[in-house]
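Position 1 is the first residue of the sequence; numbering continues from there.
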Amino acid sequence: MDFKTGKLHKIIREFKKENGRYEINGIDLENTVFLYREKTSPFIPIPKGNYRTVSDDNENTLIVDDYINNKAVEFQIISILNVNASKYLEKFPELSMAVEHTNKIVDDINNIIDYLNSVGVKTDSKYQTQILTPLEPSSTWYMNADGVIETLPLDDFNKKFKEIIENISETADEKAQEQVRKRLEQLKEEIETFKNTKTSEILENITKKENNSLKEIEKIRDIAKNEINIGVSSINETSSEVLENIKSKKENYINEITTISNNSKKELESKMPEINNKFNAIAGGQLNPNFIQDTGEKREGQFYLDRNTGRLHKCIKPTSSTINSAEFFKDYSLEAIVKNLESLTETGSNVNGTWFKDRRTGLIIQWGFKSITVTKNGYEEHIIDLPISFTNDSYCTSITRNYNYHNISDGKWSCIPFTENKIKVLTSGYIYNFGQVDGYFWVAIGR
């Protein structure tokens with residue numbers, strides 16, 4: 001039975017769970033009961049050992065331990081109302097005593113009326129004595145098998161309903177499958193009967209047609225045998241003539257090809273000295289008419305064409321290999337030469353300036369323009385970042401000044417290497433142009 005059942009009580013305050021310390025100022029702690037509830041559960045009293053009240057400088061605080069505070073979702077403070085009135089058995093009561101008892105009865109009646117007014121649920125049965133648990137969002141009340149009213153989230157209700165539907169669906173599927181199995185067995189028997197009947201009919205027809213076909217085949221075989229004998233005789237006569245013609249044409253073709261090949265070879269051999277003279281003047285070597293993929297010795301210093309790519313290669317090591325490999329041949333095609341030429345130098349620019357680099361010698365020339373404001377009359381250093389780095393700080397620098405209409409005789413300047421990627425500009429002796437912006441053109445040369 002719920003703690004509140006059968007008691008007159010007044011709900012003084014309700015509040016959500018927080019950190020375990022709750023302010024209870026203005027509450028008369030006499031006949032006061034502290035309650036808590038878990039989710040979907042009614043309020044129950046907090047055990048005496050799980051809370052305490054503290055008063056400090058007119059500040060009253062309820063302190064709940066972690067065990068209860070972690071379980072609770074809400075707290076409630078109620079005051080139990082005691083009945084003050086009692087029977088007065090004197091037949092002739094004194095007036096003051098009667099007034100006192102009457103006032104107590106009135107106070108009790110008022111407390112009962114306040115309690116009844118504070119109850120949010122009215123029942124239609126005198127047996128409905130249970131306290132209804134506060135509902136969470138999307139939940140409802142229901143009575144369990146023990147007759148206790150509890151709460152049920154609608155999500156759980158929907159799950160139960162879905163389970164019922166699924167059970168019904170499974171039952172219906174099982175019955176439908178059973179009917180399908182029975183019908184399949186019937187169809188299987190019908191198909192087997194139909195198959196046996198038709199098979200017998202087809203075998204009879206095939207037997208009849210087979211006998212007729214055998215007779216026709218015998219007739220056709222005899223006719224074909226006679227015609228083949230006649231055709232073989234004719235083919236033997238014709239094939240002899242065809243073979244003679246093919247043999248004669250083959251010999252003629254071979255003779256013609258041999259003659260053309262010999263003439264071409266002689267013509268090429270006669271022109272090779274002239275070709276080699278011209279080729280030697282350009283490439284500095286002899287052109288061999290054979291391809292790299294041809295068999296035979298490849299001579300060092302001579303040039304050969306690659307049959308697969310059409311590129312010209314120089315033999316750098318004697319070999320009889322028919323494979324073009326870097327060990328024996330070097331690419332001397334125009335495309336390879338152009339690529340080598342393009343890779344000899346490098347130029348570029350960025351926000352710091354422009355540069356030129358010779359990859360063979362390592363020579364680097366860098367130049368640029370820098371605006372400098374002299375802020376001191378005496379000696380002052382100014383750093384300029386180079387576009388690219390030298391290999392060390394041993395390089396030459398030079399700088400000249402654009403006066404911007406200033407006094408040409410005012411001030412001194414020079415520059416020196418600072419690091420491999422920075423130069424240092426030195427200024428001094430500025431009087432008239434002090435604080436003015438001047439442009440400085442600089443050049444750095446090194447490796």
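Atom NZ of residue Lys330 and atom CG of residue Asn324 lie 13.5 Å apart, to the nearest 0.5 angstrom. For the atom pair OH (Tyr36) and CD1 (Ile44), the distance works out to 3.5 Å, reported to the nearest 0.5 Å. Atoms CG and CG, on Leu29 and Asn60 in that order, are 6.0 Å from each other to the nearest 0.5 Å. Distance check, rounded to the nearest 0.5 Å: NZ of Lys298 to OG1 of Thr319 gives 7.0 Å. Atom NE2 of His382 and atom CD1 of Ile423 lie 12.0 Å apart (nearest 0.5 Å). Here SG of Cys415 is found 11.0 Å from CD1 of Ile383. Values are rounded to the nearest 0.5 Å.
At most 12 heavy atoms of other shown residues, nucleotides or ligands fall within 6.0 angstrom of atom CZ in Arg21. The environment of OH in Tyr379 is crowded: more than 12 heavy-atom neighbours from other residues, nucleotides or ligands sit within 6.0 Å. Heavy-atom neighbours of Arg359 CZ from other residues, nucleotides or ligands within 6.0 Å: above the threshold of 12. In Arg299, the CZ atom is not crowded: 12 or fewer heavy atoms of neighbouring residues, nucleotides or ligands sit closer than 6.0 Å. The number of heavy atoms from other shown groups lying within 6.0 Å of CD1 (Ile323) does not exceed 12. The environment of Phe356 atom CZ is dense: over 12 non-hydrogen atoms of other residues, nucleotides or ligands sit within 6.0 angstrom. With a 6.0 Å radius and a threshold of 12 heavy atoms from other residues, nucleotides or ligands, Lys71 has its NZ atom above the threshold. Counting heavy-atom neighbours within 6.0 Å of Lys357 NZ, excluding the residue itself, gives a total of 12 or less.
Taking every heavy atom of both residues into account, Thr32 and Ile77 meet most closely at CG2-CG2, 3.3 Å. Among all heavy-atom pairs drawn from Leu386 and Tyr395, the shortest one is CD1-OH, 3.9 Å. Residues Ala444 and Thr397 approach most closely at CB-CG2, 4.2 Å, considering heavy atoms. Between Ser414 and Ile399, the shortest heavy-atom distance links the atoms C-CG2, 4.0 Å. Nearest heavy atoms, Gln293 versus Leu305: OE1-O, 4.3 Å. Nearest heavy-atom pair across Ile364 and Ser389 is CD1-O, 4.1 Å.
Lys370 places a side-chain heavy atom less than 4.5 Å from the side chain of Ile372. You'll find the side chain of Arg13 reaches within 4.5 Å of the side chain of Ile27, heavy atoms only. A heavy-atom distance below 4.5 Å is not found between the side chains of Ile46 and Leu35. Between Ile78 and Lys10 there is no side-chain heavy-atom pair separated by less than 4.5 Å. Using a 4.5 Å heavy-atom cutoff, the side chains of Glu189 and Ile191 are not in contact. Considering only heavy atoms from C-beta on, Lys412 stays 4.5 Å or farther from Leu426 through its side chain. Under the 4.5 Å side-chain criterion, counting only non-hydrogen atoms from C-beta, Ile292 is in contact with Phe329.
Proximity of a side-chain donor or acceptor of Asn350 to a complementary backbone N or O of Pro387 within less than 3.5 Å is detected. At least one donor-acceptor pair under 3.5 Å links the side chain of Asn70 to the backbone N or O of Asp66. When atom types are taken as modelled, the side chain of Arg447 and the backbone of Thr361 share a donor-acceptor pair closer than 3.5 angstrom.
Asn69 and Glu18 are not linked by any side-chain donor-acceptor pair at a separation below 3.5 angstrom, with hydrogens and angles left out of the test. Side-chain polar atoms of Asn288 and Gln302 form a donor-acceptor pair below 3.5 angstrom. For Asp385 and Asn352, the side-chain atoms include no donor-acceptor pair closer than 3.5 Å. Between the side chains of Asp358 and Thr345, no donor-acceptor pair is found at a separation under 3.5 Å. When only modelled atom types and interatomic distance are considered, Thr375 and Glu380 share a side-chain donor-acceptor pair under 3.5 Å.
Under a 4.0 Å N-O distance rule, the pair Lys188/Glu185 does not qualify as a salt bridge. Checked for salt-bridge contact, Glu300 and Lys314 miss the test: no charged N lies under 4.0 Å from a carboxylate O. Salt-bridge formation is not detected for the pair Lys17/Glu74: no Lys NZ or Arg NE/NH1/NH2 atom is positioned less than 4.0 Å from an Asp or Glu carboxylate oxygen. Under 4.0 Å is where a charged nitrogen must lie from a carboxylate oxygen, and between Arg401 and Asp438 at least one such pair does. A salt bridge is defined here as a Lys NZ or Arg NE, NH1 or NH2 lying under 4.0 Å from an Asp or Glu carboxylate O, and Asp393 with Lys422 fails to meet this definition.
Residues Tyr304 and Phe291 keep their aromatic ring centres 6.0 Å or farther apart.
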| Test ring pair (Phe, Tyr, Trp, His ring centres under 6.0 Å) applied to Phe303 and Tyr332, step by step | CA-CA 9 Å; Phe303 290 84; Tyr332 268 78; 5.6 Å; yes

| message | For a side-chain contact (heavy atoms from CB on, under 4.5 Å) check, start with the C-alpha distance between Ile388 and Gln366, then their side-chain angles and the critical distance, and finish with the verdict. | response | CA-CA 8 Å; Ile388 62 175; Gln366 306 187 58; 3.6 Å; yes

| What's the verdict on side-chain contact (heavy atoms from CB on, under 4.5 Å) for Leu62 and Tyr51, showing C-alpha distance, side-chain angles and the deciding distance? | CA-CA 7 Å; Leu62 170 64; Tyr51 76 93; 3.6 Å; yes

| task | Go through the steps for Trp413 and Val374 under the test side-chain contact (heavy atoms from CB on, under 4.5 Å), then give the verdict. | result | CA-CA 10 Å; Trp413 61 92; Val374 177; over 6 Å; no

| Working for side-chain contact (heavy atoms from CB on, under 4.5 Å), residues Arg37 and Val73 | CA-CA 6 Å; Arg37 72 177 185 87; Val73 297; 3.9 Å; yes

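Classified by interplanar angle (parallel below 30°, tilted 30° to 60°, perpendicular above 60°), the ring pair Phe75/Tyr22 is tilted.
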